[in-house]
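What follows is one structure encoded as structure tokens, with my remarks underneath.
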Amino acid sequence: MALVHHFTRHQLASLGATAVDFSVMIACVRWLSWTPVLGTVAGATCGALCNFILNRQWTFTDHAGQMPGQWLRYAAVSALSLGWNVLGEWLLAMVAGVPYVAARAVVATVVGGLWNFPMHRYVVFPAGRP
């Protein structure tokens, strides 16, 4: 039951962080004329900051863990997540010609479920698990 509880909260927190991520990405591409890949970097960075706070405070309620250690682990997981997202965005949007927002949605969903959730639950916030 705890796994389902954490997964559900993780997905809800991810939706909030994704709203920040996509808003920043779209603003960078539309208003600053950045490429979708650079917009992905900016958006993912802002979304990661939002997601760390939500996961620490609400998803895993891991207040027992030391924040600097959590932040370092989260930064490492997020850096690899960013790499997966950038690679996926490049492959789908730049190589395959999929519209960049649709490509980002597909990539974010796959990376979030297969990489972010397990790493956050078992590596970044392990004290928040029963």
Suppose the criterion is salt bridge (charged side-chain N to carboxylate O under 4.0 Å, His left out): which pairs have a residue in [range], not counting sequence neighbours?
{"range": "residues 45-54", "value": "none"}
{"range": "residues 92-109", "value": "D21-R104"}
{"range": "residues 29-40", "value": "none"}

Quick one: side chains of residues 46-54, donor-acceptor pairs under 3.5 Å with protein atoms, not counting sequence neighbours, listed by atom name and distance.
residue: N51; atom: OD1; partner: N55; partner atom: ND2; Å: 2.7
residue: N51; atom: OD1; partner: Y74; partner atom: OH; Å: 3.2

- Task: Tell me who clusters with V29, hydrophobic residues only, linked when side chains sit under 4.5 Å apart either directly or through other members.
- Result: F22, M25, I26, Y100, V101
- Item | Connected hydrophobic set around L32, excluding itself, where side chains approach under 4.5 Å | W34, L38
- Query: V107 and V20: same hydrophobic cluster, using ILVMFWY side-chain contacts below 4.5 Å?
  - Reply: no
- Message: If hydrophobic clusters are built from ILVMFWY residues whose side chains come within less than 4.5 Å, do V24 and L15 share one?
- Response: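 No.
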If only atom types and distance count, is the side chain of [X] paired as donor or acceptor with the main-chain N or O of [Y] below 3.5 Å?
{"X": "T8", "Y": "V4", "answer": "yes"}
{"X": "R9", "Y": "F60", "answer": "no"}
{"X": "R73", "Y": "V124", "answer": "yes"}

- Query: Can you list every side chain to side chain donor-acceptor pair (under 3.5 Å) pair that touches residues 86-97, not counting sequence neighbours?
  - Reply: none
- Task: Going by the side chain to side chain donor-acceptor pair (under 3.5 Å) test, name the single residue among H5, H120, R121 that passes it with H10.
- Result: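 The single option meeting the side chain to side chain donor-acceptor pair (under 3.5 Å) with H10 is H120.
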- Item | For S23, side chain to side chain contact (heavy atoms under 4.5 Å, CB included) partners two or more places apart | none
- Message: Going by side chain to side chain contact (heavy atoms under 4.5 Å, CB included), name the residues that satisfy it together with L82, two or more places apart in sequence or in a different chain.
- Response: V41, A44, V86
- What closest approach, in Å, do A103 and L92 show between heavy atoms, and which atom pair accounts for it?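 Scanning both residues completely, I find the closest heavy atoms to be CB-CB, 3.6 Å.
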Under 3.5 Å, sequence neighbours excluded: what are the donor-acceptor pairs made by side chains of residues 109-117?
residue: T109; atom: OG1; partner: A105; partner atom: O; Å: 2.8
residue: W115; atom: NE1; partner: V77; partner atom: O; Å: 3.2
residue: N116; atom: OD1; partner: S81; partner atom: OG; Å: 3.0

